[in-house]
Every structure is written in C-alpha cells, then in structure tokens.
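What follows is a single structure, written as structure tokens, with notes after it.
All chains are named by letter (A, B, ...) in the order of the sequence lines, taking the proteins before the strands, and each is independently numbered beginning at 1. Computed over heavy atoms, backbone and side chain alike; hydrogens, waters and symmetry mates excluded.
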Number of protein chains: 2
Amino acid sequence: MNTIRSPQPPPSLTRSVEDYLKSVFHLTSQGGFATTSDIAEMLDVAPPSVSGMMKRLSETGLIEHVPYRGVQLTPQGRRAALQMIRRHRILESYLTSKLGYDWGDVHVEAERLEHAVSEKLIERMADALGEPRYDPHGAPIPTAAGEIEEAELVPLAESEVGSSLVLQEVGDEHPARLHYLAEQGLTPGVRLTVIDRQPFNGPTIVRLGDGTTRVVGQELALLLFCRSSDGE
Amino acid sequence: MNTIRSPQPPPSLTRSVEDYLKSVFHLTSQGGFATTSDIAEMLDVAPPSVSGMMKRLSETGLIEHVPYRGVQLTPQGRRAALQMIRRHRILESYLTSKLGYDWGDVHVEAERLEHAVSEKLIERMADALGEPRYDPHGAPIPTAAGEIEEAELVPLAESEVGSSLVLQEVGDEHPARLHYLAEQGLTPGVRLTVIDRQPFNGPTIVRLGDGTTRVVGQELALLLFCRSSDGE
DNA sequence: ACAGTGCATTAGCCTAGACTAAATTTCAAC
DNA sequence: GTTGAAATTTAGTCTAGGCTAATGCACTGT
Ligand SMILES: [Mn+2]
Ligand SMILES: [Mn+2]
Ligand SMILES: [Mn+2]
Ligand SMILES: [Mn+2]
C-alpha cells in the first residue's frame, strides 16, 4: 500500500530527551563533539545511560553519533534544543520579573517547568515581559524563530590583568554562589577593571564602576563571563 | 543496625500518580467508592492499567482498595489530591487573570503544569492574585492547608422548573463548550430562573438576570452547576 | 609494535506505566 | 439456585529510561 503519510503530529519529546538535547547543545557550543562522559556528568546519570539515549536520539534523527567520538546535534535537534533554551530563559525572566523570585532560585524551577509549558504560554510570558533579549543571568534568549546571539566571552578567571571588562553573563546553577555575587554587586552589566591576580589559581582583584574593589576567588571568577569594554 | 530514619524526604509523586489521585478524589466527592472503570474512563486508560496502579497506590498507603468494589483515598492520599487541585485551580486563575488566557484554554495547560510547579511558585501566584477562593470556572480552590469548600450544587439539567438559581460552577474540560457558554453570558455568578424544560432530555429554558432568555440543551445544562437563590 | 589506561559501548537487569487477552468475581434475572 | 453479562483482576508483553558489570576501542608512552 505504502500510504502517503500526513505531516506527522510532532511526537512530543520526553523530559529526558529534552534535557539531553540541551546538554549536547551547551557542550558543543564551542564546536566539536559532546562526549558521553561530559553528558553523563552534566545530567548526573551513568555513562551507559547516555550511550543508550544517544542511540535512540540518533535513530530519531536528533543527533549525529560518531561511535567512540561523541555526538553533535542535527539541524532538527538544534531547533529542539534552542526551543528548550528559549523556554528556560523566558521562564527564568518571568519568575524574576513578575513573581519576585531571587535570581538564584529560578534555575531549578525553570528546569522542571520548561518541559511542561506550551509554546503559547511562553510567548505570552515573553510578551508580558516585552520580548526580553537576556535572562536574569545575562544569557541571551533565543528568538521564537530559533536564532541565538553568540558572543565571545572570557571568564573573569582567565581575563588579562589590566583589561577593562563588562560582566555579561553569570553561570546560573548555583543559588548560594548567585546570592553571594548579588551581594557583592557582581551582576550582569557591571563594569570592572582587572587590577591583579594572585598566582596558583588565586583570586582575581577587580575594581568596579563605583570605585570599590572586590577579591574574587577562582571558583567564582570562572562563573563570571565578561566581554572587553576597552573601546568604550 | 536498624538506624532511626530521619523524616523521609517526600518521594515526590509521578505525574501519573498525581492524576490518578485527583480522579479518585473527584469520583468519591459524593462519598462511596471510585470504580476501576470510572477511573479508566476519566483518565482515558484501559481498566487493567487502573488495577495495576491501584495496587501500587494502596501499597504506598495513598488509597484503600476493596477488591472488586473500588477505592477511596486515605487521609494521606486526600492531602495529596487536594494539593494537586489547589495547584490546578491557582494555575487556571493565574493564566486567566495575569496572562490573558481564555477560560476555555486554561484547563489543558494547567493539567500539565500542575505536575511541574513548586509549592513556592503556587503560593507566589496565589499571592499575586490575592488568594482567590474560586477558579475561573467557579470551582472552589483548596487552601494551602488542605481545606476545601463543599457546596451542594445541582446541575441546571436537573433543577426544578420555577426555581431561582445562581450559576456557581461550570465544568471546565471542554474549550468549545466554554467558549459558547461565555458568549451566551452563562458564566459563574449569573442569576437565572428556570422557566421550562422540554421532555425527553430536552433543553432547559432559563431567564437571566437581564431579562433575556436562553435555551440550554441537556448536554450543556449538565455542566452548569447551580445553587438555589430563593432566599435572596 | 605493543602494553596499558581510560573512556565508550554492550549485555543484562530493573521499575513505572501502558496495553491485550484470559480468567475471575459479582450481581441481576430467571 | 443457576446462569449469563458486566466489571474486575491477573497474566503476559512492551517501551522508556535508568543502573552495574563486563567488554571493546583508541590513544599514550615505551
Ligand atoms: Mn538556568
Ligand atoms: Mn529540564
Ligand atoms: Mn481544570
Ligand atoms: Mn494533570
């Protein structure tokens, strides 16, 4: 018979699949492959679970798997990943702006909600917020069409002593660290000058826009992604 | 060793379990048992799936199962069910009030979100709304402590001809019906007088507060839950 | 060239939660 | 009381997505 199929109703991805796709996206954002063990660590599952999932995902055409090398997203997988990232970041923005959430608490909430919200709800939230371009941690929000801004950012921990920077984006997964950073005034948009750095993975010392200084240990300085502001 | 266990971290119910508990709650709200086939129909699963789940739920102490008779919620199951119903109804209220959702569309959205939101998010939404007591369909919202208002309502289809009623609550699961009812001005709070009813499951004729009349077919009249307003 | 090591994969098992088909129980009707 | 229909449960199967233990591959160093 070989009946012509009507345009398949989108099979709706599971929560697990959606989180795997996001992980692959993040791990390949600098190009290259995402490895089994990196994905396993990011999602806190055992490596064989990843192998199993990668097999299923490549059968459904969401990723390309090169055995023993790693995986990359197909265009279809990338679209799905960017959609999830848009959901996540719009949710974080909405919770922060409209429901008084602390920026340290939104990530964990968004991590669950992103799998349950409809496209329609996300667009209503985006609309209520005025189509925000960045989430509360400074990460760019993909458009509904699946475009995302790519910036070259350097972690403060790896910045050049003497450079003038703008803090652009902060790693969003650690509530306690975020809480502390906010107290220190280290939030996206702040200007800073790198005064010094201690050796042996020591702290970075910065001067803020208001003239005060901060001593930032390496662990935190690795979470602070900056762009150069020399030309400004 | 027999170590003393600290107060078990709540095992966090699955989406399925949460929906089964809600079904049992609704089916037993008039007392008695929820039957396997009623639950199966309400959740659109096969009866053996229900039997299987009922077994698991009675093992975890959420329901009491009398074989071949049906099930009832334990106090623990009832608490969990009421918590889900609170979440569902707060979500419906929030989507309607704050994000411009049509009252016909909120149910399906809430049906998914109720399993993903945290207690904290629900309470923030409730707070933003001013602790609403009824959802957009007129259903009472349980308190955070697990209290729910119980009213004796009669479906318009079974009301007495000649009586004066207030439309209190409308079945919330059918977007198209809800859309139509809103057009007809048949929304919670409206006063109506039952003028007549045609025989053989025919329509009920009502006069609204503004003097206009409506002819309501039985299928819809079964969704309109009213309380008497004779004394007012 | 080859041994060793570390990562990746396979093999095999488990649970939740669906399903269908078969067996069992209940209950109403005779 | 027996019988038959309807509801319920059991038996057996399936998929998704985890896990551990065992095996296989690839690169590094000699
Ligand atoms: Mn986040
Ligand atoms: Mn997630
Ligand atoms: Mn509802
Ligand atoms: Mn639900």
Side-chain angles (χ1 to χ4, degrees), chain A residues 8-24 27-28 32-73 77 80-81 84 111-112 114-116, chain B residues 8-24 27-28 32-73 77 80-81 84 111-112 114-116:
Chain A
Q8 299 265 6
S12 164
L13 308 175
T14 65
R15 178 184 176 156
S16 263
V17 166
E18 289 173 339
D19 280 337
Y20 274 100
L21 291 175
K22 278 203 309 176
S23 288
V24 175
L27 291 168
T28 55
F33 291 88
T35 68
T36 298
S37 40
D38 284 350
I39 299 168
E41 179 175 3
M42 186 170 286
L43 293 176
D44 197 26
V45 297
S49 305
V50 177
S51 287
M53 181 61 89
M54 292 307 107
K55 182 163 192 187
R56 266 171 280 153
L57 293 186
S58 55
E59 278 160 7
T60 51
L62 291 161
I63 63 167
E64 198 71 47
H65 185 196
V66 181
Y68 292 100
R69 275 283 121 67
V71 297
Q72 285 182 320
L73 295 173
M84 293 314 296
E111 199 56 56
R112 277 177 290 103
E114 62 189 0
H115 312 288
Chain B
Q8 299 266 5
S12 163
L13 308 176
T14 66
R15 182 189 169 151
S16 264
V17 166
E18 288 173 340
D19 280 337
Y20 274 100
L21 292 175
K22 277 203 311 176
S23 289
V24 175
L27 290 167
T28 55
F33 291 89
T35 67
T36 298
S37 40
D38 284 351
I39 299 167
E41 179 175 3
M42 185 169 288
L43 293 177
D44 197 27
V45 295
S49 306
V50 177
S51 286
M53 182 60 90
M54 292 307 107
K55 182 163 193 186
R56 265 170 281 153
L57 294 185
S58 56
E59 277 160 8
T60 49
L62 291 161
I63 64 167
E64 196 71 45
H65 185 196
V66 181
Y68 293 98
R69 276 281 123 69
V71 297
Q72 286 183 318
L73 295 173
M84 293 313 297
E111 199 56 57
R112 276 176 290 104
E114 62 189 1
H115 311 287

Problem set entry | Heavy-atom pair of closest approach, residues A:I63 and A:M54 | CD1-SD, 3.3 Å
Exercise. Can you check whether B:L62 reaches B:L13 side chain to side chain, under 4.5 Å on heavy atoms?
Worked result: yes
Problem set entry | Interatomic distance, B:R69 CZ vs C:dT26 P [rounded to whole Å] | 7 Å
For this session: Return no unless some side-chain N or O of B:T14 is found under 4.0 Å from OP1 or OP2 of C:dG17.
Result: yes
Exercise. Think B:S37 has a side-chain N or O under 4.0 angstrom from the OP1 or OP2 of D:dT8?
Worked result: yes
Exercise. What is the distance from CG of B:L62 to P of C:dA16, rounded to the nearest Å?
Worked result: 13 Å
For this session: Taking only heavy atoms on the protein side, list every residue of residues 45-60 of chain B lying under 4.0 Å from any atom of DNA chain C, sorted numerically.
Result: B:V45, B:A46, B:P48, B:S49, B:M53, B:R56
Seminar exercise, completed: Interatomic distance, OG1@A:T35 vs CE@A:M42, rounded to 0.5 Å, equals 9.5 Å
Problem set entry | Distance, rounded to the nearest Å, where B:L43 contributes CG and C:dA18 contributes P | 8 Å
For this session: Quick one: pull up CD1 in A:I39 and CG in A:D44 and give me the separation to the nearest 0.5 Å.
Result: 14.0 Å
For this session: Enter the inter-axis angle for the ends of the helix from C:dA1-D:dT30 to C:dC30-D:dG1 (five pairs per end, rounded to 10°).
Result: 10°
For this session: Give a yes or no on this: more than 12 heavy atoms of other residues, nucleotides or ligands lie within 6.0 Å of atom CD of A:E111.
Result: yes
For this session: State, to 0.1 Å, how close B:F33 and B:R69 come at their nearest heavy-atom pair, and which atoms those are.
Result: CB-O, 4.1 Å
For this session: Using whole Å, report how far CD of B:E18 lies from P of C:dG17.
Result: 11 Å
Seminar exercise, completed: Correct closest heavy-atom pair for B:S16 and B:M53 would be CB-CE, 3.8 Å
Exercise. Pick the nucleotide of DNA chain D nearest each of A:D44 and A:P67; which residue has the one closer to the 5' end?
Worked result: A:D44
Exercise. Reckon B:H65 has a side-chain N or O less than 4.0 Å from the OP1 or OP2 of D:dT8?
Worked result: no
Exercise. Between B:A46 and B:A40, which heavy-atom pair has the shortest distance, and what is it?
Worked result: C-CB, 4.2 Å
For this session: Would you please confirm or rule out a distance under 4.0 Å between OP1 or OP2 of C:dA18 and any side-chain N or O of B:Y20?
Result: yes
For this session: Could you tell me the separation between the CD1 atom of A:I39 and the P atom of D:dG18, rounded to a whole number of Å?
Result: 12 Å
For this session: Send over the distance from A:H115 NE2 to D:dA16 P, rounded to a whole Å.
Result: 18 Å
Exercise. Roughly, in whole Å, what's the span from CZ in B:F33 to P in D:dT9?
Worked result: 12 Å
Exercise. Does A:T36 make a side-chain N or O approach to OP1 or OP2 of C:dT9 shorter than 4.0 Å?
Worked result: yes
For this session: Looking only at non-hydrogen atoms, find the nearest pair between A:A34 and A:T28 and report the distance.
Result: N-CG2, 3.5 Å
Exercise. To the nearest Å, how far apart are A:Y68 OH and D:dC25 P?
Worked result: 5 Å
